[in-house]
Number of protein chains: 2
Amino acid sequence: MEASEIYKCIADPQRLRILNLLEAGPLCVCHMQEILEVPQVKMSKQLSSMKQLGLLKAHREGTWMIYKLVDPVEGLITANLCYLREAACAECNQLQRDLTKREKLILKVTKIDNDCPQEVCQQITCC
Amino acid sequence: MEASEIYKCIADPQRLRILNLLEAGPLCVCHMQEILEVPQVKMSKQLSSMKQLGLLKAHREGTWMIYKLVDPVEGLITANLCYLREAACAECNQLQRDLTKREKLILKVTKIDNDCPQEVCQQITCC
DNA sequence: ACAATATATACTAAAATTAGTATATATCAT
DNA sequence: ATGATATATACTAATTTTAGTATATATTGT
């Protein structure tokens with residue numbers, strides 16, 4: 001994968017936020033949608049472009065599609081997420097807030113709604 | 001400066017190469033042009049967009065315009081150049097080759113042509 | 001004042017990216 | 001088979017980015 005392709009990808013704040021979320025663990029489309037507050041089409045298209053690029057893979061669980069980072073994670077991605085988490089900028093705060101929102105959402109859909117893909121809720125200490 | 005703006009900038013291989021060159025020291029437009037082998041218009045436009053973004057600054061020395069990175073260099077740029085120099089990919093090799101080409105060119109214009117901006121040739125051990 | 005060199009800008013055409021609406025597909029529960 | 005939910009795709013319109021040609025400006029040397 002070319003560095004320039006990766007940069008083009010993370011040059012879009014939304015795509016960067018997706019990578020940030022997925023680094024913490026797999027997620028299904030609708031949950032990412034809820035965290036980022038974007039229309040379904042947009043989310044779906046961005047995910048598919050990132051999958052095509054080779055950064056993400058997906059599999060189905062029921063009606064859900066679970067997306068995750070390919071393993072091993074592209075080093076350039078890791079390095080930049082790592083940098084941005086330390087840094088102090090508007091975008092960086094957003095990334096942190098997304099992670100918090102992710103935690104809460106997974107807890108909710110797991111414990112309260114009891115309606116969460118296996119692979120996602122497995123991440124919770126007590127599921 | 002927003003991270004996404006910086007990523008958009010370095011998503012263009014040519015702009016990345018410019019930053020890579022300038023991290024080694026200031027250069028005038030025509031020398032960068034020669035190293036990267038691009039038409040004058042393109043070089044000029046890319047430089048001006050990067051200056052506008054706030055990554056570069058420029059001053060005149062005779063008919064030359066000398067460009068350099070603003071000080072302090074944007075951390076995200078430094079981190080990425082650093083990463084790419086260590087990495088093994090086509091783009092990374094290009095960056096190395098550019099630096100070598102830069103060394104040779106500066107030596108030539110300084111010692112042989114004797115036609116080099118002060119600030120550029122000052123970098124040479126013996127000028 | 002004039003020519004040469006280095007660089008920048010205006011303008012236009014071409015290409016790439018993004019966004020939106022509608023529609024399609026897959027899976028599950030009834 | 002039908003309806004509901006989650007997701008993907010086709011198509012189009014709008015926007016942004018890039019590239020190219022021509023021209024302008026600034027500086028220097030004659």
Side-chain angles (χ1 to χ4, degrees), chain A residues 2 4-18 21-22 26-53 56-68 105 109 113-121, chain B residues 2 4-18 21-22 26-53 56-68 105 109 113-121:
Chain A
E2 304 219 332
S4 61
E5 292 300 321
I6 296 177
Y7 289 134
K8 213 178 288 177
C9 173
I10 62 180
D12 179 306
Q14 209 132 314
R15 287 189 297 251
L16 179 66
R17 290 170 71 191
I18 292 173
L21 283 175
L22 292 181
L27 274 178
C28 65
V29 183
C30 60
H31 293 163
M32 287 191 260
Q33 217 174 295
E34 194 169 338
I35 297 172
L36 302 199
E37 303 180 64
V38 283
Q40 186 261 322
V41 195
K42 194 176 175 188
M43 181 57 72
S44 179
K45 280 197 283 192
Q46 283 184 325
L47 287 170
S48 105
S49 77
M50 291 163 86
K51 190 168 119 210
Q52 169 125 348
L53 220 191
L56 307 184
K57 58 184 173 181
H59 70 273
R60 181 178 285 279
E61 187 178 325
T63 60
W64 288 305
M65 288 296 291
I66 317 286
Y67 278 85
K68 54 174 82 168
L105 179 63
V109 294
D113 307 344
N114 196 30
D115 181 41
C116 178
Q118 262 271 321
E119 206 176 342
V120 173
C121 70
Chain B
E2 303 222 333
S4 61
E5 291 300 321
I6 295 177
Y7 289 133
K8 212 179 290 178
C9 172
I10 62 180
D12 179 305
Q14 209 133 312
R15 287 191 294 252
L16 179 66
R17 291 170 70 191
I18 291 172
L21 282 175
L22 292 182
L27 274 177
C28 66
V29 183
C30 60
H31 292 164
M32 289 191 258
Q33 216 174 295
E34 194 168 339
I35 297 172
L36 303 199
E37 303 180 65
V38 282
Q40 187 261 321
V41 196
K42 194 174 174 189
M43 180 58 70
S44 180
K45 280 198 283 192
Q46 283 185 325
L47 287 170
S48 104
S49 76
M50 292 163 86
K51 190 169 121 209
Q52 170 124 347
L53 220 192
L56 308 184
K57 59 185 171 177
H59 68 274
R60 182 177 284 281
E61 187 178 325
T63 61
W64 288 304
M65 287 297 289
I66 317 285
Y67 278 85
K68 55 173 84 169
L105 179 64
V109 294
D113 307 344
N114 197 29
D115 181 42
C116 178
Q118 264 270 320
E119 207 174 343
V120 173
C121 70

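Order of the sequence lines sets the chain letters (A, B, ...), proteins ahead of strands, with each chain counted from 1. This is a predicted model, so every value here is computed, not measured.
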- Starting from C1' on C:dT7, measure out to CD on B:Glu61 and report it in whole angstrom. 15 Å

- Query: Choosing from D:dT7, C:dT21, C:dA6, which nucleotide comes nearest the side chain of B:Trp64?
  - Reply: C:dA6

- Which whole-number value in Å describes the distance from B:Glu34 CD to C:dT5 P? 15 Å

- Query: Do the side chain of A:Glu119 and the main chain of A:Ile66 share a donor and acceptor less than 3.5 angstrom apart?
  - Reply: no

- Taking DNA chain C as the partner, which of residues 6-15 of chain A come within under 4.0 angstrom of it by heavy atom? A:Lys8, A:Arg15

- Message: Within the 4.0 Å heavy-atom criterion, would you say B:Val29 contacts the bases, only the backbone, or no part of the nucleic acid?
- Response: sugar-phosphate

- Give a yes/no on whether any side-chain N or O of A:Tyr67 is located under 4.0 angstrom from OP1 or OP2 of D:dA8. yes

- Task: Figure out the NZ/C1' separation between A:Lys51 and D:dA8, and round it to whole Å.
- Result: 9 Å

Throw together a table of side-chain donor-acceptor distances under 3.5 angstrom for residues 28-41 of chain B, partners on residues two or more places apart or in other chains.
from: B:Glu37; atom 1: OE2; to: B:Lys101; atom 2: NZ; distance (Å): 3.0

- What is the distance from NE2 of B:His59 to C1' of D:dA26, rounded to the nearest Å? 15 Å

Nucleotides 23-25 of chain D: which of its N/O atoms have a protein N/O under 3.5 Å away?
none

Under 3.5 Å, which donor-acceptor pairs link side chains of residues 42-51 of chain B to any protein atom two or more places apart or in another chain?
from: B:Gln46; atom 1: NE2; to: B:Asp12; atom 2: OD2; distance (Å): 3.3
from: B:Ser49; atom 1: OG; to: B:Gln46; atom 2: O; distance (Å): 2.9

- Note on the structure: Nearest-nucleotide check on DNA chain C, A:Pro39 vs A:Thr63; residue mapping nearer the 5' end is A:Pro39

- Note on the structure: Residues at least two apart in sequence or cross-chain that pass side chain to side chain contact (heavy atoms under 4.5 Å, CB included) with B:Pro13, listed by chain then number, are A:Ser4, B:Glu91

- Task: Would you kindly give the CE-to-C1' distance between B:Met65 and D:dT27, to the nearest whole Å?
- Result: 12 Å

- Task: Starting from P on D:dT7, measure out to CD on A:Gln33 and report it in whole angstrom.
- Result: 7 Å

- Message: Test of understanding: with side chain to side chain contact (heavy atoms under 4.5 Å, CB included), list the residues that count as partners of A:Lys8, not counting sequence neighbours.
- Response: A:Glu5, B:Ala11

- Message: Heavy atoms within less than 4.0 Å of DNA chain D: which residues of residues 42-50 of chain B have one? Give them sorted by number.
- Response: B:Lys42, B:Lys45

- Message: How many whole angstroms separate atom CE of B:Met32 from atom P of C:dA6?
- Response: 14 Å

- Interatomic spacing from OH in B:Tyr7 to CG in A:Leu16 - rounded to 0.5 Å: 6.0 Å

